[in-house]
Asks: 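Sharing a structure, written as structure tokens. Questions coming.
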Amino acid sequence: MPNIIPDSVYLQLKHETDINKKLNLIYDIGITHVHAGTTDSIVFYAKKIDSIISYAERKISHYNSYQIKSKRLLGDGMYMNGLYENALKAYIEGISIVKKPLNYPEIGWLKLGLGKVYFQKNDYKKAEELFQECSKFNKDSELTAQANYCLGVLRYTQSNIDEAIAFFDEALVNSEKSLKLILKIELYKGIIAWKNEKRNNALDIFKNIMDRSLEYDYYDLYIDAVLNFGEIYTELGKYEDAQIILSMAYTNAVQWNRFELQKKIINGLRRVFYARGDYKNAYNLLTQYLSVSNKVLQQQNNIVIKDLEYKYQTLQKEKEINRQKTIKQAFLYGFLALLIPILALLYVYYQKLQTQNQLNTKQKELNNRKIASLLGEQELKLAKTSLGAQQEERTRIAQQLHDSIGGNLAGIKLRMSNMDSLNKEDEEIILQVDETYELVRSISHDLIPRKFNENAFATLIREYIQRIQQNVDFSITFLTHPEGEIDDLSEVIKIQIYQIIQELFTNAIKHANAKNIDLHLTIYEKTFQLLFEDDGVGFNVKQVQDGIGLSNIKNRMGQLKGELVIDSALNRGTIVTIEIPLDEKL
């Protein structure tokens, strides 16, 4: 953990008495942490600026400017932590502070950050508009370079490689002062070389970026280079080398307390073990991935708690200042000594009324949710009963068609065929009876599906995925191991798993807005394991109520005595893991 801020700067900050110079020092320290990617420090110094300007407003010569700088730091810190909604709020608040943004250069950086948030939320149209606007800022060449770089990344994401390279080259023209930006552009050029199968050239580029990033404390850039380096080694079959370099990077990510970087590396290691056939360690890494995801959620909760504590402390300080002013004024205006307690009591009483109203409102909302939940459960029970009755009726009709009508038609055909002499009209009648018999037989078989007995289970799923792939624009990866054992599963399990997969893909297509979906089926130690992962918008697991699809999946898990785990968060994708014990009774 190198020290990116010289001790002399902290010493200068400690002894500085001029508020404006002190604020400038704090902002410069925060920007240094932005370049290094140390997110906790970025947010800390943003709040430190807010704390100073809230109590010394009259002594600050450029109050709006420091407000905007604080919002930039706060937005950048939240963005790097993956808290995109918080970053969006900070950037928009900063842009809204002044009516004439051209007088404040920091507004350009706020708009650039806002564009990057929209990019992460897959709103490419809004992102491109902001990047184009920032690329035309002539006063700040570094901002122009960063905007052109973002446009290059956007074009690369849209698979327009030629325009992406053109924007990267344009960014290099104005990037003399930013080594990190040069290395980021080199990273993408390395990725492009890799995609063009120039692996040795790409490896040299990634190795150089790794060395330079560690030298200048660019933590996030170092991890991106390591991940790409490990992916190439995995493609080349150098699994041990890929495992070593990713493990070293993971150690650094743990030291830096960067959970998002840890998740990226764990996924990279999981792909290495899966490629080499080590499914046990691949599954263990999946468990570790879920553990880190829980830590990320916990960290988000801690951030919210810290914000509440910060606001509470600020309120307490404001109360203390108001109390001191009241004491001073009491010497001149004695009659206020009686008025203030009365006002305080009224204020407390008002607060109690407000609190009671809020409690009543929340209780009403909770009751409404319970009623809605009960109605949803009742609808689900009715739907399941209806579905079961429908299936029984289909089976009964199929049997009647096959046994009764089909048998009668077969008997008619046999009797007519045994007649001594047949004319042309009789032969046509026999032909029509035969066609009718085959039609009845086909209808009865369609009513009772046989595909799970007549086809390999993995093949059925591949055919289903191929049908989906024809109508969507995202990539689907499907892997099974061992496929033979999966094909030999009992019909009960195969039917339930097939319907669960249909529910998962239906939810992903409707809600996830994903670019990639992975589906893995594995049997390990007499346990069937399903992993369904997408990189879509995600959702808050605690706040989302079970819909019909999710309820159906949980009901099927109950029938199979299986376990269901859903790991998701906003803008972080969704992972669904299912484990089913292979009991011989099923």
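Computed from a predicted structure; not experimentally measured.
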Asks: Among all residues two or more places apart in sequence or in another chain, which pass the side chain to side chain donor-acceptor pair (under 3.5 Å) test with Asp278?
Replies: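 For Asp278, the residues satisfying side chain to side chain donor-acceptor pair (under 3.5 Å) (neighbours in sequence not counted) are Asn281.
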Asks: Regarding Asp76 and Tyr91, is there a side-chain donor-to-acceptor distance under 3.5 Å anywhere?
Replies: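 Distance-only check passes for Asp76 and Tyr91.
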Asks: Restricting to side chain to side chain donor-acceptor pair (under 3.5 Å), what partner residues turn up for Gln356, sequence neighbours left out?
Replies: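 Expected list: Asn360.
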Asks: What distance do Thr480 atom OG1 and His520 atom NE2 have between them, rounded to the nearest 0.5 Å?
Replies: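 Nearest 0.5 Å value for the OG1-NE2 distance: 10.0 Å.
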Asks: To the nearest 0.5 Å, what is the distance between CD on Gln529 and CD1 on Ile523?
Replies: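 If I round to the nearest 0.5 Å, the distance is 9.5 Å.
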Asks: When you measure from the side chain of Asn86 to the backbone of Met78, do you find a donor-acceptor pair of N or O atoms at a distance under 3.5 Å?
Replies: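 Here the side-chain-to-backbone pair does not exist.
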Asks: Filter on ring-ring contact (aromatic ring centres under 6.0 Å, His included), then keep only pairs touching residues 226-247, sequence neighbours left out; what's left?
Replies: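 Listed by first then second residue: Phe229-Tyr233.
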Asks: Give, for atom NZ of Lys494 and atom CD1 of Ile486, the distance between the pair rounded to the nearest 0.5 Å.
Replies: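 Output value for this atom pair is 11.0 Å.
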Asks: What's the spacing between Glu485 CD and Phe528 CZ if we round to 0.5 Å?
Replies: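 Atom-to-atom, Glu485:CD and Phe528:CZ are 11.5 Å apart.
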Asks: Aromatic rings Trp194 and Phe206: how do their planes relate, parallel, tilted or perpendicular, breaks at 30° and 60°?
Replies: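 Plane angle over 60°, so perpendicular.
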Asks: Should the pair Phe457 and Tyr498 be assigned to parallel (<30°), tilted (30 to 60°) or perpendicular (>60°) ring geometry?
Replies: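 Correct class here is tilted.
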Asks: May I ask you to test the Ile578-Met557 pair for a side-chain heavy-atom distance under 4.5 Å?
Replies: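 A side-chain contact exists here, since the closest heavy-atom pair is under 4.5 Å.
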Asks: Using side chain to side chain contact (heavy atoms under 4.5 Å, CB included) as the criterion, point out the one residue from Thr577, Ile580, Ile501 that pairs with Leu530.
Replies: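 Considering Thr577, Ile580, Ile501, a side chain to side chain contact (heavy atoms under 4.5 Å, CB included) with Leu530 is found only for Ile501.
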Asks: Would you give the length of the straight line joining atom CZ of Arg270 to atom CG of Leu246, rounded to the nearest 0.5 angstrom?
Replies: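 Answer for the CZ-CG pair, Arg270 versus Leu246, is 13.0 Å.
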Asks: Say whether, by atom type as modelled, one donor and one acceptor occur between the side chain of Asn196 and the main chain of Lys198 under 3.5 angstrom.
Replies: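 Not confirmed, Asn196 side chain does not pair with Lys198 backbone.
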Asks: Name all residues meeting the side chain to side chain donor-acceptor pair (under 3.5 Å) criterion together with Arg271; count only those two or more places apart in sequence or in a different chain, and write none if there are none.
Replies: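 Side chain to side chain donor-acceptor pair (under 3.5 Å) list for Arg271, sorted by chain: Glu231.
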Asks: Report the distance from atom CD1 of Ile465 to atom CG of Leu460, rounding to the nearest 0.5 Å.
Replies: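 Atom-to-atom, Ile465:CD1 and Leu460:CG are 11.5 Å apart.
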Asks: Among residues at least two apart in sequence or on other chains, which ones pass side chain to side chain donor-acceptor pair (under 3.5 Å) with Gln120?
Replies: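 Result, side chain to side chain donor-acceptor pair (under 3.5 Å) vs Gln120: Tyr79.
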Asks: Looking only at side-chain N and O atoms, does Gln358 offer a donor or acceptor that is under 3.5 Å from a partner on Thr355?
Replies: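 Checked: Thr355/Gln358 side chains show no N/O donor-acceptor pair below 3.5 Å.
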Asks: May I ask you to decide whether Arg155 forms a salt bridge with Glu128, counting only side-chain N to carboxylate O separations under 4.0 Å?
Replies: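 Counted as a salt bridge, because a side-chain N and a carboxylate O are separated by less than 4.0 Å.
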Asks: Would you check if Val153 and Cys150 make a side-chain contact, meaning some heavy-atom pair closer than 4.5 Å?
Replies: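 Answer no - side chains too far apart.
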Asks: In plain terms, say whether Lys554 and Glu503 are close enough for a salt bridge, that is, a side-chain N and a carboxylate O under 4.0 Å apart.
Replies: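 A salt bridge is absent here (no side-chain N lies under 4.0 Å from a carboxylate O).
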Asks: Flag the pair Tyr156 / Lys195 as yes when at least one side-chain heavy-atom distance between them is below 4.5 Å, and no otherwise.
Replies: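 Counting from C-beta outward, Tyr156 and Lys195 do come under 4.5 Å.
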Asks: Between Glu85 and Lys89, does any side-chain N to carboxylate O distance fall below 4.0 Å?
Replies: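 A salt bridge is absent here (no side-chain N lies under 4.0 Å from a carboxylate O).
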Asks: Taking the side chain as every heavy atom from C-beta outward, state whether Leu187 and Asp224 have any atom pair closer than 4.5 Å.
Replies: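 Yes; the side chains approach each other to less than 4.5 Å.
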Asks: Please test Ile553 against Leu504 for side chain to side chain contact (heavy atoms under 4.5 Å, CB included), starting from the C-alpha separation and ending with a verdict.
Replies: CA-CA 9 Å; Ile553 294 175; Leu504 293 173; 3.9 Å; yes
Asks: Please determine whether the number of non-hydrogen atoms from other residues, nucleotides or ligands lying under 6.0 Å from atom CD of Glu240 exceeds 12.
Replies: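 Not buried by this count: 12 neighbours or fewer within 6.0 Å.
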Asks: Considering residues at least two apart in sequence or located in another chain, which fulfil the salt bridge (charged side-chain N to carboxylate O under 4.0 Å, His left out) criterion with Asp123?
Replies: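 By the salt bridge (charged side-chain N to carboxylate O under 4.0 Å, His left out) rule, Asp123 matches Lys126.
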